[in-house]
Amino acid sequence: MASRFNPLKADAHWQKVWDEGGTFRARDDSARPKSYVLEMFPYPSGRIHVGHARNYVMGDVLARYKRMKGFEVLHPMGWDAFGMPAENAAIERKVHPGEWTRANIDAMRGQLKLLGLALDWSREFATCDPAYYGHEQALFVDLFEAGLVYRKDSEVNWDPVDMTVLANEQVIDGCGWRSGAPVERRKLTQWFLKITDFADELLEGLADLDQWPDKVRLMQENWIGRSRGMKFRFALAGGDESVEVFTTRPDTIFGASFVAVSPDHPLALGLGKGDAKIADFIALCKRGGTTAAELETAEKLGFDTGLKVAHPLDPTWELPVYIANFVLMDYGTGAIFGVPGHDQRDFEFATKYGLPIRRVVAAGPEDADKPITGEAESGEGVLVNSRFLDGMDVESAKAAVIARAEAEGWGEGTIVWRLRDWGVSRQRYWGTPIPIVHCQACGAVPLPKDQLPVVLPEDIDFEAPGNPLDRHPTWKHVPCPACGGAALRETDTLDTFVDSSWYFIRFASQPADRPFDRAVAERWLPVDQYIGGVEHAILHLLYARFWTRALRRLGMLDLAEPFQGLFTQGMVTHLTHRDADGNWLLPEEAEAAKAAGEAVVAGRIEKMSKSKKNVIPPEPIVEQYGADALRWFLLSDSPPERDLQWTDAGIEGAWRFVQRLWRLASAEERGEGEDEALDRKLHQTIAAMGANIEALAFNKAVANIYELANAIEKAAPSASRIAAIRTMLRLVAPMVPHVAEEAWAALGHNGLIADVPWPEADPTLLVEDEVTIAIQVNGKLRDTVRAPKGAAREKLEAMAVENENVRRILAGAAPRKVIVVPDRLVNVVA
RNA sequence: GCCCCUGUGGCGGAAUUGGUAGACGCGCUCGACUCAAAAUCGAGUUCCGCAAGGAGUGCCCGUUCGACUCGGGCCAGGGGCACCA
């Protein structure tokens, strides 16, 4: 055996062996139990760095481990290949988005292959392949026909120069990020998916996702935002019309001092038509930006319409109707009743416009006349100044008001959701074309499936602003599928989140003629372990859950939840450097500048990003240290859910470990006889490693191996030692597969270590027969003694009381009490 | 503003149900090998103290024979949502 492990040769060799042998192909017809391990598939933005690598290596360890445990493992890889960066590249560099994307995919695939991942590459696809998005179009048509797709007008951020819709993140200080032109709010007719139809089950379903982080479940729960409350109507004075409002605090109904409607409310819009002042006010409200910062500082503005409404519980009580900028049209009913005493926004509004502030909740009846000053009181208490509600607690009063409203017919208890329907239209080229044709006679007609896929035209230009699909001379002109008359294609494309809402199903099953084969998909799904960044905690994971449930409702797939286990891993961070002028420097530039005596400022340790020039690509690391050292470092030290700081010392340490492993295996000495202590350590390690890998606690698994390696190095030659070394190779094989294969072969084994079953821990070796007992006085450690496992309480107590240190501290006094925890400790209470 | 999470050596971090705090790694110190270096090996490394001993898991209280762990109140850092009625 060579004295040093040469990863340059070994990595390539074993990767070729795995590849040619189809080692990691997932067989649909295997009799083994299945395990589906999936990392969130990457967007092909250019190159991966070690932060991405960490993500894939974690999944890889689990996939390889499950395989050794006897599972048929599906561990696929593909590309989330549609999206804006490709269009930006097209505009900036005059390359076709498809060309740019496919070049990136090739480069990134090459990078991933350097890591020696146990992937089934035969299932690879990119979402920009018509063979993928064509099926997505078919599914969209299915959803359309099931009534889960509809069109409606929706407000968007519109860049008048680039003639395009902007996402909120692309609006900077109220201007388009590229053009710099002031963004307008414009109404466009857009396609929506009825995710709100599933709000209830998406919320309820979270309870069953016990292998998801609590944090993510909570975030989804808040995002779905179920609020229980009451809708009720205020009759407009002098007419039959009424204004419907929603509240979560029906108990405060006697604290009302005004009604306010959104500037987008039909009542406001109607009034605006006949009144220039109202129209101006509405326009004023719309002018403000939509960013969070602007909303936070925006002043509460109101316009008194002069209209009055009657209080539903007292027809003689009239309230003014305002149009107010802080009332949102798309939550609740777009109208509220204001209770300044117990709602901070209403308080500010009432203070500004001189409206009454009534107390209806107080700490006790004696505080009924205590004025409310400074800010609204939103806490608990008892009802006061509220007629039939007086004396009730808040919850009882809510129920009482709802009961009365329902009995009298002017309102009802209800639930409203924060979740809104999913707008999927994007006025962009590089996405899945929406398979709809607009016909003058027939309206919006979905394309029959035999006319799918609708393929993106290749001959497009990005010279002019706007959507190239819309400008294309011929593409959009098609006959209507229903009547055959002249019609126009929908030129919007689907949000890329649609592409990622079902790719995991397509990985499991990819027939040519339909999106998936139900039986095969159901064999593999759900994904047993999904791994990805927490930045997708809400949108992607919620959309995928929705899509899966929609397919179930359509009878296409018997599956409620797509991802049984979810793990959100931390990022890889790295030191940043700047020069004296504040420009970011690459690590090697910083070195050079330091050597040249120039000023270099070490910046903060931050997430790797191109702009901050602190990215570490995998290639030079793999070249210098090998894939295993990189893998080992990415798994060491930090718990996987936390950030890992990239350091040279860290990768050096991992490299040393890989060599140490090799040395241990190659210096395997002859030896006979048993070494019971080492046998114990080995089997304890087998048990701990298995548990830690299944819990994705890779940093602890790494520590288990170090402990075992230390024990083996200290042990004298023996048969046990030889067995320990060979077993250790099997234990590390999922983490450092190349050196494990190389050593396994060098020790004379035929066949791959990847195919060797995971070792079984011998339960009789997991327990020690002698244990260390802590001797405490008043809970403080005073000594430790060795005792046989299972020693009698009396015996342990005697050992403690007679202990030299204990006697010295007791100084002749009798202990008040002695607590014995068998096999652990004795605590003498003085 | 509302909701949530996290605070342990010089650093990353371990610690079943409350039961020997600091496993393991990095770094550092000393030593061995070497002409020398790298690599490797050995010893040490929470703090104060020569030692005996004392203190110690963000801070303050509490429960307990015993608290990193449980309860209450603060402080600091991070995250999510945000004119959501």
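By convention in this document, chain letters (A, B, ...) are assigned in the order of the sequence lines, proteins followed by strands, and residues within each chain are numbered from 1.
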Please report, rounded to the nearest Å, how far the [atom2] atom of [N] is from the [atom1] atom of [X].
{"X": "A:Phe246", "N": "B:rA85", "atom1": "CZ", "atom2": "P", "value": "7 Å"}
{"X": "A:Asp264", "N": "B:rC83", "atom1": "CG", "atom2": "P", "value": "14 Å"}
{"X": "A:Glu606", "N": "B:rG78", "atom1": "CD", "atom2": "P", "value": "12 Å"}

Checklist entry - Hey, does A:Val339 reach any base, or is it just sugar-phosphate, or nothing, if we go heavy atoms under 4.0 Å? => result nothing

Between [X] and [N], is there a contact of a side-chain N or O with OP1 or OP2 at under 4.0 Å?
{"X": "A:Arg226", "N": "B:rC84", "value": "no"}
{"X": "A:Arg420", "N": "B:rC84", "value": "no"}
{"X": "A:Lys780", "N": "B:rA55", "value": "yes"}
{"X": "A:Arg642", "N": "B:rU6", "value": "no"}
{"X": "A:Arg656", "N": "B:rG27", "value": "yes"}
{"X": "A:Lys817", "N": "B:rC65", "value": "yes"}

Next on the checklist: With side-chain contact (heavy atoms from CB on, under 4.5 Å) as the criterion, how do A:Arg54 and A:Leu644 come out once you've worked through the C-alpha distance, each side chain's angles and the decisive distance to 0.1 Å?
Outcome noted: CA-CA 9 Å; A:Arg54 188 184 188 205; A:Leu644 171 73; 3.6 Å; yes

Among [options], the nucleotide that comes nearest once only the side chain of [X] is considered:
{"X": "A:Leu328", "options": "B:rA39, B:rG25, B:rC84", "value": "B:rC84"}
{"X": "A:Arg4", "options": "B:rA39, B:rG79, B:rA85", "value": "B:rA39"}
{"X": "A:Arg345", "options": "B:rC3, B:rC83, B:rG7", "value": "B:rC83"}

Item to check | Side-chain heavy atoms of A:Arg782 within contact of A:Asn803, under 4.5 Å | outcome: no

Item to check | 4.5 Å side-chain heavy-atom contact, A:Leu313 and A:Phe254 | outcome: yes

Checklist entry - Of A:Phe337, A:Phe349, A:Phe303, which meets ring pair (Phe, Tyr, Trp, His ring centres under 6.0 Å) against A:Tyr322? => result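 One option only clears the test, and that one is A:Phe349.
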
Checklist entry - Any side chain to side chain donor-acceptor pair (under 3.5 Å) pairs touching residues 247-257 of chain A, not counting sequence neighbours? => result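 Residue pairs with at least one partner in residues 247-257 of chain A: A:Arg249-A:Asp251.
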
Next on the checklist: Test: side chain to side chain donor-acceptor pair (under 3.5 Å). Region: residues 680-698 of chain A. Which pairs qualify, not counting sequence neighbours?
Outcome noted: A:Tyr65-A:Glu694, A:Glu676-A:Arg680, A:Lys681-A:Glu707, A:Gln684-A:Glu768, A:Asn692-A:Asn704

Charged N to carboxylate O below 4.0 Å: is that the case for [X] and [Y]?
{"X": "A:Arg359", "Y": "A:Glu377", "value": "yes"}
{"X": "A:Glu804", "Y": "A:Arg807", "value": "no"}
{"X": "A:Glu348", "Y": "A:Lys300", "value": "yes"}

Checklist entry - Is it true that atom NZ of A:Lys795 has more than 12 heavy atoms of other residues, nucleotides or ligands lying nearer than 6.0 Å? => result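 It does not: A:Lys795 NZ has 12 such atoms or fewer within range.
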
Next on the checklist: According to ring pair (Phe, Tyr, Trp, His ring centres under 6.0 Å), who are the partners of A:Phe497, at least two apart in sequence or on a separate chain?
Outcome noted: A:Tyr543

Next on the checklist: If you compare all heavy atoms of A:Thr784 against all heavy atoms of A:Ala774, which two are closest, and at what distance to 0.1 Å?
Outcome noted: CG2-CA, 4.3 Å

Checklist entry - What stems involve RNA chain B, if each pair must be Watson-Crick or G-U and both of its distances must be under 3.5 Å, with 3 or more such pairs in a row? => result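 Consecutive-pair runs (3 or more) involving RNA chain B: B:1-7 with B:75-81, B:10-12 with B:24-26, B:27-32 with B:40-45, B:46-48 with B:53-55, B:58-62 with B:70-74.
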
Report, one pair per line, the protein and nucleotides 47-53 of chain B atoms (nitrogen or oxygen only) whose separation is under 3.5 Å.
{"residue": "B:rG53", "atom": "OP1", "partner": "A:Arg808", "partner atom": "NH2", "Å": "3.4"}

Nucleotide N/O to protein N/O under 3.5 Å, stretch nucleotides 16-24 of chain B:
{"residue": "B:rG19", "atom": "O2'", "partner": "A:Arg824", "partner atom": "NE", "Å": "3.0"}
{"residue": "B:rA23", "atom": "O2'", "partner": "A:Glu707", "partner atom": "OE2", "Å": "3.0"}

